[in-house]
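One structure below.
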There are 2 protein chains.
Amino acid sequence: MNRSERLSGKLELRAQILKALAHPTRLLFVEELGKGERCVCELQGMVDLDMSTVSKHLSVLKGVGLVTDQKRGNQVFYTLQTPCILRIFDCVEQAVRANLQKQVEIFR
Amino acid sequence: MNRSERLSGKLELRAQILKALAHPTRLLFVEELGKGERCVCELQGMVDLDMSTVSKHLSVLKGVGLVTDQKRGNQVFYTLQTPCILRIFDCVEQAVRANLQKQVEIFR
DNA sequence: TGAATACTTGGCAATATTGCCATGTAGCAA
DNA sequence: TTGCTACATGGCAATATTGCCAAGTATTCA
């Protein structure tokens, strides 16, 4: 049983989900989608990025099943599929604060 | 206010934490450290990686404050600083299952 | 001392990620 | 039809990540 075999499965899948979340722009989109479905143009309006880049970020989230898309007219609306993801941020915030506290201690 | 300014701060910090977690090996280590402190050699015994690679993965976790290290004798013990991180996995698992369900539907 | 163990760090190559531009597709409106 | 809007995709360059090897430090033990 080699490394890739041992790491395949549960941990690989978890890492994929976390990697999909691990970008500021995608975190912003997930947070916004937590308030309700949004079209790509609405999400693009929140950032200073090319439409193609926004589209690719959304395809990353869609690729791991965190969001789904639905075309209505000539717009595409994205919906958050696992809203519990938003609760992750509570602990992440705690980690962030612990991190900042550590920095303070280092430079004291 | 450009993109980097708007994205700096909260979202950048959150993304850093999630990025530190977004690797199968580091997820394995975090899960193991959830059971208690472990020395580097114990963690290395769980994977098929060079000691230097294991050390670098741990330094990534340490860099964002998720773990701390303590030297005792000639061993270094790592401790999980934010055990609530383990609860993240509940929702990630839910996302994984939703993801797999989606795959099943696609290939049906 | 000297050697062995436990770990870290620097450097490098292979690979993955990110963002832009150019281009393509689908729906709507004239 | 033609043109316009809203997105998606391919390709590419810049950058980041990953893992190995080699070399370094610190501690223990003989």
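Any value given below was found using the heavy atoms of this structure, including those in side chains, with hydrogens, waters and symmetry copies removed. The chains referred to below are lettered A, B, ... by the order of the sequence lines, with proteins before strands, and numbering in each begins at 1.
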Residues at least two apart in sequence or cross-chain that pass salt bridge (charged side-chain N to carboxylate O under 4.0 Å, His left out) with A:Asp50, listed by chain then number, are none

To the nearest angstrom, the CD-C1' distance between B:Glu12 and D:dA16 comes to 14 Å

Rounding to 0.5 Å, atoms OG1 (A:Thr68) and OH (A:Tyr78) come to a distance of 9.5 Å

Taken to the nearest 0.5 Å, the spacing of B:Lys10 NZ from A:Leu28 CG works out to 9.0 Å

Between CD of B:Glu42 and C1' of C:dT5 the distance, given in whole Å, is 15 Å

In whole angstroms, the gap separating P of C:dT18 from CG of A:Leu61 amounts to 11 Å

Residues 71-88 of chain B vs salt bridge (Lys or Arg N to Asp or Glu O under 4.0 Å), sequence neighbours excluded, gives B:Glu37-B:Arg72

- Could you give me the CA-CA distance, side-chain angles and deciding distance for B:Leu58 and B:Val40, then say whether side chain to side chain contact (heavy atoms under 4.5 Å, CB included) is met? CA-CA 8 Å; B:Leu58 290 168; B:Val40 181; 3.9 Å; yes

task = Describe the nucleic acid contact of A:Phe77 in one word from base, sugar-phosphate, nothing, applying a heavy-atom distance below 4.0 Å.
result = nothing

Checklist entry - Does the pair B:Leu18 and A:Ile88 meet the rule for a side chain to side chain contact (heavy atoms under 4.5 Å, CB included), with working shown? => result CA-CA 10 Å; B:Leu18 290 169; A:Ile88 284 183; 4.3 Å; yes

CG of B:Leu33 to CZ of B:Arg26, rounded to nearest 0.5 Å, is 13.0 Å

Contact string for nucleotides 25-30 of chain D, one letter per nucleotide 5' to 3', B = base within protein heavy-atom range under 4.0 Å, S = sugar-phosphate only, - = neither, reads -SBS--

From NZ of A:Lys62 across to P of D:dA8 the rounded distance in Å is 7 Å

So OG1 of A:Thr82 and CG of A:Leu61: to nearest 0.5 Å the spacing works out to 9.5 Å

From CG of B:Leu28 across to P of D:dT18 the rounded distance in Å is 15 Å

Here the gap from B:Thr53 atom OG1 to B:Gln44 atom CD, rounded to the nearest 0.5 Å, amounts to 9.0 Å

When rounded to whole Å, the CZ to P distance for the pair B:Phe29 and D:dT18 reads 13 Å

In whole angstroms, the gap separating P of C:dC7 from CD of B:Gln70 amounts to 13 Å

From CD of A:Gln44 across to C1' of D:dC7 the rounded distance in Å is 10 Å

C:dT17 phosphate, OP1 or OP2: any side-chain N/O from A:His57 under 4.0 angstrom? no

Walking DNA chain D from its 5' end, the first of A:Cys41 and A:Lys19 to be reached, judged by nearest nucleotide, is A:Cys41

Quick check on D:dA8: is either OP1 or OP2 less than 4.0 Å from any side-chain nitrogen or oxygen of A:Tyr78? yes

When rounded to the nearest 0.5 Å, the distance separating CG of B:Leu66 from OG1 of B:Thr79 is 12.5 Å

Practice item. Fit a plane to each ring of A:His57 and A:His23, take the angle between them on a 0 to 90° scale, and name the class: parallel (under 30°), tilted (30 to 60°) or perpendicular (over 60°). Key: tilted

Give every pair of a protein N or O atom and an N or O atom of nucleotides 9-15 of chain C that lie under 3.5 Å apart, one pair per line with the distance.
| from | atom 1 | to | atom 2 | distance (Å) |
| --- | --- | --- | --- | --- |
| C:dG10 | O6 | B:Lys56 | NZ | 3.1 |
| C:dG11 | O6 | B:Lys56 | NZ | 2.4 |

The correct set of residues in residues 31-38 of chain B placing a heavy atom under 4.0 Å from DNA chain C is none

The side-chain contact (heavy atoms from CB on, under 4.5 Å) partners of B:Glu32 (sequence neighbours excluded) come to B:Lys35, B:Arg38, B:Leu43, B:Met46

Side-chain atoms of B:Leu49 come closest, of C:dC7, D:dG19, D:dT17, to D:dG19

